Amino acid sequence: MDELRKKTLIGSLWMMIERFGYLSIQFISNLILARILMPDDFGTIGIMMVFIALAHVFVDSGFSASLIQKKVISEQDKSTVFITNLVLAFFVYVILFLASPWLAIYFHNDTLSSLLRVLGLILLIDAFGAIQNTILMRDMNFKLLTKIKLASIIVAAIVAIALAYKGFGVWALIVQYILYSVIRAIATWTVSKWKPNLSFSIESFRTLFSFGSKLLLSTFVAELYVNFQQILIGRFYKPSDLGYYSQARQFQQIPTGTISQVINSVAFPAYAKLQNNREALNNLFRQNVRLVAYLNTALMMLLASIAQPLIILLYSNKWIGSISYFQFLCIGFGTFLAIHQCSLSVLKAVGRSDYVLKLEIIKKILGVIFIIIGLKVLGIWGILYALALNSFIEIFLNGYYLNKEIQYSGFKQLLDMIPSIIVASISGVISYFSWTLWLPQESEIYSVLFASIVYVICYLLGSWIGHLHGFEVLRHGLITIITKRKKKSI
C-alpha cells in the first residue's frame with residue numbers, strides 16, 4: 001500500500017507537470033494563432049474535430065482501459081490490441097474519407113471535405129502508437145510520457161505558428177494536429193521496450209472486448225453528447241458563432257481537464273489495485289473528490305470573475321463574442337465536470353463498465369432532450385442552460401451506482417463540494433466588483449492582475465477560516481515537502 005501511494009504521488013507530480021506544460025504550450029500557441037487566424041477558421045476545425053473525436057472512440061474500443069484494468073496481461077493481449085487498433089483505424093478512416101463530401105454539404109462548408117480527409121490521417125497515426133502509450137500508463141511511467149508529450153506539442157506548435165504567419169489559414173491548425181500525432185507515435189515506439197509480434201488471439205480479443213465494449217459504447221455516447229452542441233451550432237449558425245462557442249468551451253476545459261485528467265490518470269491504476277478493498281477505495285476517492293472540488297471550483301469562479309478583461313487581453317477584441325459563453329460555462333457547467341470524470345474512473349476500476357454504459361446512455365438521452373428543447377426556445381443560450389442542468393443531475397445519477405459499490409452517494413459528494421463552492425462564489429463576487437468598480441475598463445492587464453490577487457487572498461482566507469479539506473491537504477503536503485528538504489540540507 002505504501003509503495004502504491006508513493007507511485008501515485010510521484011505519478012501525480014509528473015502528470016501535473018505534463019498537463020500544465022502541455023496546456024500552457026497549447027494555450028500560448030492558441031493565443032498567437034487566434035490573433036492571426038479568424039473565428040471562422042476555428043469554427044471549421046471545431047466541426048472536423050467532432051468527427052475525429054468520435055472516430056478515436058471506435059478505434060480504441062475500450063481496449064486501453066481493459067489493459068490497464070486487467071490484473072495480468074500477456075504478450076498476446078498486447079499484440080491483439082495492437083492489430084485490432086490498426087484494423088479499426090483503417091476502416092474508420094475509409095468511412096470518414098467517403099463521408100466527407102456529404103458532411104461538407106450538410107454543414108454548408110465547401111472546404112470541409114478535403115480538410116477532413118487530411119486531418120483524418122491522425123486516426124492511423126495514433127493507432128500505431130496507442131498500445132505503447134497504454135503500457136507506459138499501466139506501468140505508471142508518467143515521467144517518460146510527460147517528456148514525449150511536451151516535446152511533441154512544442155514542435156507542432158512552432159510549425160503551426162510559422163504556417164499561420166505565412167498565410168496558410170486553417171491548414172496551420174491541421175498540420176499542428178498531424179505533426180503532434182506523428183512525433184508522439186515515433187517517440188513512444190522509440191522508447192518502448194515492447195514491440196508487436198503480430199500474433200492475434202481470439203480469446204484475448206473476447207476477454208478484453210467484454211470489458212472494453214461497454215466502455216466503447218459509453219465513451220461514444222459521452223463524446224457524441226459533448227460534441228452534439230457543436231454539430232447543431234455548426235449546422236444552424238455561422239462558422240464564426242461556432243468559433244466563439246468552441247473557443248469559450250476550449251478555454252473553460254483547460255483547468256477542468258487538467259485537474260481531472262491529472263488526478264484520474266494517476267488514480268485509475270490506484271483505484272484498480274484497491275478494487276478488492278472497498279473501504280480503502282472509498283477513502284481515497286472521497287479525498288480526491290474534495291481535492292478536485294477545491295482546486296476546480298476555485299479556478300472556475302476566478303476565470304468567470306475576470307473573463308472580460310482576460311479574453312480581451314489574451315485573444316483581442318475580435319473574440320468579445322465568446323466572453324458571456326465562457327463565463328456561463330465556468331459557473332454552470334465546469335464546476336461539476338471534473339467530479340463526474342472522477343466518479344466514472346471508480347466504476348471502471350472496480351470492473352463495472354456496465355454501470356458506466358447505463359449511466360452514459362441515461363445522462364446523454366436526458367442531455368440531448370434538454371439541448372433540443374433549449375435550442376428551440378433560446379438558441380445557443382438554450383444549449384448552455386441544458387448543459388448546466390444536466391451536469392447537476394449527473395451528480396446524483398453517478399452517485400446512485402457509486403453508492404452501490406463504495407457507499408458514496410451523489411448527495412454525500414455534493415455535501416463534500418459545497419464548502420468549496422460557497423467560499424469560491426463569495427471570492428468570485430468580491431473579485432468581480434474589485435475590478436469593475438475601481439479600475440478603468442480599458443486597463444485589461446491591471447484588471448486581471450488586481451482581481452486575481454484579490455480573489456486568491458479571499459479564497460485562501462475563506463479556506464483557512466472554513467477549514468476546507470482541500471486547503472488542509474495542500475497545506476500539510478507543502479509543510480511535509482519543506483520539512484523533508486530542511487532535514488536533507490542538515
Side-chain angles (χ1 to χ4, degrees), residues 9 12 16 20 252 254-260 262-264 267 282-307 310 327-343 346 388 391-392 394-396 398-399 402-403 406-438 448-483:
L9 177 60
S12 297
M16 189 71 73
F20 276 108
Q252 174 266 314
I254 289 174
T256 305
T258 299
I259 294 170
S260 61
V262 166
I263 293 178
N264 287 329
N282 178 296
N283 292 333
L284 179 60
F285 177 59
R286 190 180 179 200
Q287 178 175 303
N288 285 344
V289 165
R290 289 184 286 183
L291 182 59
V292 168
Y294 181 76
L295 296 172
N296 184 64
T297 306
L299 284 169
M300 289 294 99
M301 294 301 178
L302 170 60
L303 290 173
S305 67
I306 62 173
L310 182 63
Q327 288 175 313
F328 188 89
L329 285 169
C330 286
I331 298 172
F333 180 65
T335 302
F336 301 116
L337 185 60
I339 303 298
H340 303 332
Q341 294 168 344
C342 291
S343 301
V346 172
S391 182
F392 183 75
E394 196 168 336
I395 296 173
F396 302 97
N398 291 338
L402 279 172
N403 200 46
I406 60 171
Q407 289 73 56
Y408 191 39
S409 66
F411 182 71
K412 290 179 180 177
Q413 292 179 57
L414 190 59
L415 286 178
D416 283 335
M417 288 185 275
I418 283 177
S420 296
I421 294 174
I422 292 174
V423 175
S425 299
I426 294 172
S427 302
V429 171
I430 296 173
S431 173
Y432 177 76
F433 285 109
S434 72
W435 74 265
T436 55
L437 296 179
W438 298 342
V448 170
L449 290 174
F450 181 71
S452 297
I453 292 171
V454 170
Y455 182 90
V456 171
I457 292 172
C458 291
Y459 193 64
L460 291 177
L461 182 61
S463 301
W464 177 66
I465 294 172
H467 300 288
L468 267 61
H469 178 80
F471 175 76
E472 295 299 327
V473 169
L474 294 176
R475 185 172 69 87
H476 287 307
L478 184 61
I479 291 173
T480 301
I481 293 171
I482 294 173
T483 303

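Remember, predicted model here, so these are calculated numbers, not experimental data.
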Is there side-chain contact between [X] and [Y], with heavy atoms separated by less than 4.5 Å?
{"X": "Val423", "Y": "Tyr294", "value": "no"}
{"X": "Met300", "Y": "Ile331", "value": "no"}
{"X": "Leu402", "Y": "Gln413", "value": "yes"}

query = Under 3.5 Å, is there a donor-acceptor pair between the side chain of Asn398 and the main chain of Gly410?
reply =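 Flag not set: sc Asn398 to bb Gly410 has no pair under 3.5 Å.
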ask   = So which pairs with a foot in residues 452-462 pass side-chain hydrogen bond (donor to acceptor under 3.5 Å, both in side chains), sequence neighbours left out?
value = none
Can you name the nearest heavy-atom pair linking [X] to [Y], along with the distance?
{"X": "Lys412", "Y": "Gln407", "answer": "NZ-O, 3.4 Å"}
{"X": "Ala293", "Y": "Met417", "answer": "CB-CG, 3.6 Å"}
{"X": "Gln327", "Y": "Ala307", "answer": "CG-CB, 3.3 Å"}
{"X": "Ser431", "Y": "Ala451", "answer": "OG-O, 2.9 Å"}
{"X": "Ser305", "Y": "Gly428", "answer": "CB-O, 3.5 Å"}

task = Identify, with sequence neighbours excluded, every residue that meets side-chain contact (heavy atoms from CB on, under 4.5 Å) alongside Ile430.
result = Ile426, Val454, Cys458
note = Contacts of Tyr432 meeting ring-ring contact (aromatic ring centres under 6.0 Å, His included) (sequence neighbours excluded), chain-then-number -> Trp435
task = Tell me, please, which residues at least two apart from Phe411 pass ring-ring contact (aromatic ring centres under 6.0 Å, His included).
result =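 Scan of Phe411 (ring-ring contact (aromatic ring centres under 6.0 Å, His included), adjacent residues dropped) gives none.
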key: Passing option when Cys330 is tested against Leu302, Thr297, Leu303, Thr335 for side-chain contact (heavy atoms from CB on, under 4.5 Å)   =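 Running side-chain contact (heavy atoms from CB on, under 4.5 Å) over Leu302, Thr297, Leu303, Thr335 with Cys330 returns exactly one hit, Leu303.
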Enter the distance from [X]:[atom1] to [Y]:[atom2] here, rounded to the nearest 0.5 Å.
{"X": "Ile395", "Y": "Phe336", "atom1": "CD1", "atom2": "CZ", "value": "4.0 Å"}
{"X": "Leu449", "Y": "Leu310", "atom1": "CG", "atom2": "CG", "value": "10.0 Å"}
{"X": "Leu414", "Y": "Phe392", "atom1": "CG", "atom2": "CZ", "value": "5.5 Å"}
{"X": "Met301", "Y": "Asn296", "atom1": "CE", "atom2": "CG", "value": "9.5 Å"}

ask   = What residues form a side-chain hydrogen bond (donor to acceptor under 3.5 Å, both in side chains) with Ser420, not counting sequence neighbours?
value =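 Listed in chain order: nothing, the list is empty.
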ask   = What residue pairs, at least two apart or across chains, pass salt bridge (charged side-chain N to carboxylate O under 4.0 Å, His left out) with a residue in residues 413-436?
value = Arg286-Asp416
